[in-house]
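Below, read A as the first sequence line, B as the second, and so on, with proteins coming before strands; counting in each chain starts at 1.
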Number of protein chains: 2
Amino acid sequence: MHRDVTLREVAQLAGVSSRTVSNVVNGYANVTDHTRARVMQAVEELGYRPNVLARNLAQGRSGQIAVVVPYLDTPYFSELLQGIIRAARVQGYNVLVDQTDGDPDHERMLIHHGRSRLLFDGVILSPLGLDQQALADHDPRLPLVVLGERVSQGTFDHVGIDDVTASRQATEHLLDLGRTRLAAIGDQPYPTGEAAQLRTRGFREAHQRRGARVHEDLIVRTPRFNRADGAGAMRHLLDLPEPPDAVFCYSDLVALGAIHALTERGLRVPEDVAVIGYDDIEDGAYANPPVSTVSPDKELIATTAVERVLLRIASRTPPPGMELRAPHRLVLRHSTIGRVASSRPR
Amino acid sequence: MHRDVTLREVAQLAGVSSRTVSNVVNGYANVTDHTRARVMQAVEELGYRPNVLARNLAQGRSGQIAVVVPYLDTPYFSELLQGIIRAARVQGYNVLVDQTDGDPDHERMLIHHGRSRLLFDGVILSPLGLDQQALADHDPRLPLVVLGERVSQGTFDHVGIDDVTASRQATEHLLDLGRTRLAAIGDQPYPTGEAAQLRTRGFREAHQRRGARVHEDLIVRTPRFNRADGAGAMRHLLDLPEPPDAVFCYSDLVALGAIHALTERGLRVPEDVAVIGYDDIEDGAYANPPVSTVSPDKELIATTAVERVLLRIASRTPPPGMELRAPHRLVLRHSTIGRVASSRPR
DNA sequence: CTGAAAGCGCTAACAG
DNA sequence: CTGTTAGCGCTTTCAG
């Protein structure tokens, strides 16, 4: 393994100082066309490529952001991650991905800059194990953007959609279908379950607005928002003396699990039970039946998160924490309205 | 923003040289218990945390591997990525994730060490746009592990399953069900479609073994292995004068798309058409009906890939390229065998 | 087992 | 517009 070409060698060959080469390589305009050409030629000739490690050390930044999600195999997160990586690359940033499995200690470590400094310049975090309190305690020097349904504490940005409104609209849709016994799957009445609680609030508000009464025993808790939880909760609901005729699920995975359980029992969706989900993942569109859902603008969430974290990285003094709301819309498919609409997704 | 604590400051406080602190921090045994304790205390007291950037430069390695997949929102890749990140973390490595969208230039850039040196110490690549030829041309100094169905060229490792056998078994299963008009969705008869070609080969071999004849017009090409392609291909097949009574899909997504199209036309799976997929993604298990599939040992593929790339990184002289085969098994669900088996996945 | 000191390759004051 | 030079903070050879 022969030694790599260094900046200095390029400078030597081009007959200029290393400072000038650095300027050329980094596009700092202060160079004559003529010198630039000479330098470029030397770069070509020697096959020079900058050593990021040295640059990082000299600049005191890594040019990387960390994206931290609870579970990578959750379609919602992978779809989001995709957008984040694209947006970051455009800005010349690389993305370090980490998965926490919802482990609070792991999440806590990350908002304190990991176990070593400077590995990443900022973090985009989708918290699961940490509540508001714990999040507020993050290293104030670490540019942080939080995704999901937490509220900004002034020291970091928060990007998400209006969960209460979205949930209310989803529930109203079910009520407007003439359904009367609505279930909700996914409540989490404890500090780290803020996302879930906002959705439950929307669920209640919808009933209130439509003058319907909430069936408290049809609000089911689940530890996570995955398929297995959805299926389990649905089975539980079907075992009740008076099962629901519609279900608002706190994620599309939960909805898919619920539909799985319904089918298993020989029930039809939506004829016997209407189902609506949340997140608008691709699986939902192709499921049988295709699942109605709350569709957040994921692309915008991703680009906004990247934009904000880079802005924080670039700022000398940390900007105040902002609350950023992306738009959402209700996407109606067979799982609530039946085969009346065109069935072809996309 | 106050300056960070450096190794030297710790050394000063502990009354030892920086060399010793370095030894302690990195666990190089050559230190007295006594000195170690003193150093540790100083570390605590000052809240010292090593600066990775400096360490990287001094060591000439980044402690990162790049994982490069065509599409992050493809469940198969996100499930694999999950395993890779876990395995890498155990070894103290961070994972840089990149998505190529199958762009050959992007892939080519990566196997030549990206646009700058040392950003990552090795690469795990799932190629899509590059064929054997192009892959063989990778920077020989870059530790490389290739996933999927390519064959090692001697200069990198290849980790995958035995596609021909797996595909043959899936097809035999359909034939053994008594189906006679088998379709295959996903063929790609061009240089970068090696994965697809191996599956087509297995499809043919199965017919041969069972003494059945291959219906050439039922082998459908698709540019990708996603839901939309699956649905499109299935619609095409259903428009034929004599549609198939069973379909072997080259991915579970294709299978889900195919089932979507079948349901749309009012056909029943598997009564009218049996469907089997490939990859064993979670969606398949919860789909309606649950999808039979070829299940590769993803966990093993992930850990093996990490193991091999780290081994290559650690080796002074590059080890010869190895061909590593992970096991697979056939998972039978309703989409081929109907409701006879237990329906609860997992 | 520990100390001193020379880099790692690049950036960015500070002149000129 | 370009050259000189002093770091960035850590690792690591070489002595002792």
Side-chain angles (χ1 to χ4, degrees), chain A residues 1-40 42-43 46-64 92 113-119 121 316, chain B residues 1-40 42-43 46-63 92 113-119 121:
Chain A
M1 164 152 170
H2 72 87
R3 268 184 71 294
D4 277 310
V5 183
T6 76
L7 194 76
R8 220 185 302 284
E9 298 176 84
V10 175
Q12 208 146 27
L13 177 60
V16 300
S17 81
S18 61
R19 165 63 196 265
T20 303
V21 178
S22 177
N23 279 344
V24 170
V25 172
N26 296 295
Y28 295 166
N30 312 335
V31 190
T32 324
D33 278 356
H34 176 240
T35 3
R36 179 197 312 288
R38 268 235 306 276
V39 172
M40 293 297 251
V43 166
L46 269 44
Y48 169 74
R49 312 164 73 198
N51 178 326
V52 244
L53 267 32
R55 169 184 300 174
N56 288 347
L57 175 58
Q59 292 189 149
R61 31 162 253 127
S62 65
Q64 302 188 145
H113 240 134
R115 48 187 76 272
S116 52
R117 281 150 35 209
L118 300 173
L119 182 57
D121 301 332
R316 214 79 228 92
Chain B
M1 166 149 172
H2 72 85
R3 268 182 71 298
D4 277 310
V5 183
T6 76
L7 193 77
R8 223 188 298 287
E9 298 176 84
V10 175
Q12 207 148 24
L13 177 61
V16 300
S17 82
S18 60
R19 164 63 196 265
T20 303
V21 178
S22 177
N23 279 343
V24 171
V25 171
N26 295 296
Y28 295 166
N30 313 338
V31 191
T32 324
D33 278 357
H34 176 240
T35 3
R36 179 196 312 287
R38 265 233 309 275
V39 171
M40 292 297 251
V43 166
L46 269 43
Y48 169 74
R49 312 163 74 198
N51 178 326
V52 244
L53 267 32
R55 170 182 299 172
N56 288 347
L57 176 57
Q59 293 188 150
R61 32 162 251 127
S62 66
H113 241 136
R115 47 187 76 270
S116 53
R117 279 149 38 208
L118 300 172
L119 182 57
D121 302 331

Counting any heavy atom closer than 4.0 Å, what does Asn56(A) reach on the DNA or RNA strands: base, sugar-phosphate only, or nothing?
nothing

Just the rounded figure in Å: distance from C1' of dT12(D) to CG of Asn23(B).
9 Å

Of the nucleotides dA4(C), dG9(D), dA12(C), which has the atom closest to the Arg117(A) side chain?
dG9(D)

Please give, in whole Å, the distance from dC8(D) P to Glu9(B) CD?
11 Å

In whole Å, I'd like the distance from the CZ atom of Arg55(B) to the P atom of dG7(C).
22 Å

Residue whose closest nucleotide on DNA chain C lies nearer the 5' end, Ser18(B) versus Ser18(A)
Ser18(B)

Give one of base, sugar-phosphate or nothing for Ser22(B), where a contact means two heavy atoms less than 4.0 Å apart.
base

CZ of Arg8(B) versus P of dC10(D): gap in Å, rounded?
8 Å

Regarding Val52(B), tell me which of base, sugar-phosphate or nothing describes its non-hydrogen contacts under 4.0 Å with the strands shown.
nothing

Whole Å only: how far is the CG atom of Leu57(B) from the P atom of dC8(D)?
13 Å

Considering only side-chain heavy atoms of Gln59(A), which listed nucleotide, dT11(D), dT11(C), dT2(D), is closest?
dT11(C)

note: Leu53(B), atom CG; dC8(C), atom C1'; distance rounded to Å ~ 13 Å

Thr32(A) (side chain) donor-acceptor with His34(A) (main chain) under 3.5 angstrom:
no

How many Å lie between CG on Leu119(B) and P on dG9(C), as a whole number?
17 Å

Just compare dT4(D), dG9(C), dG3(C) and give me whichever is closest to any side-chain atom of Asn51(A).
dG9(C)

Is the phosphate of dT2(C), meaning OP1 or OP2, less than 4.0 Å from a side-chain N or O of Thr32(B)?
yes

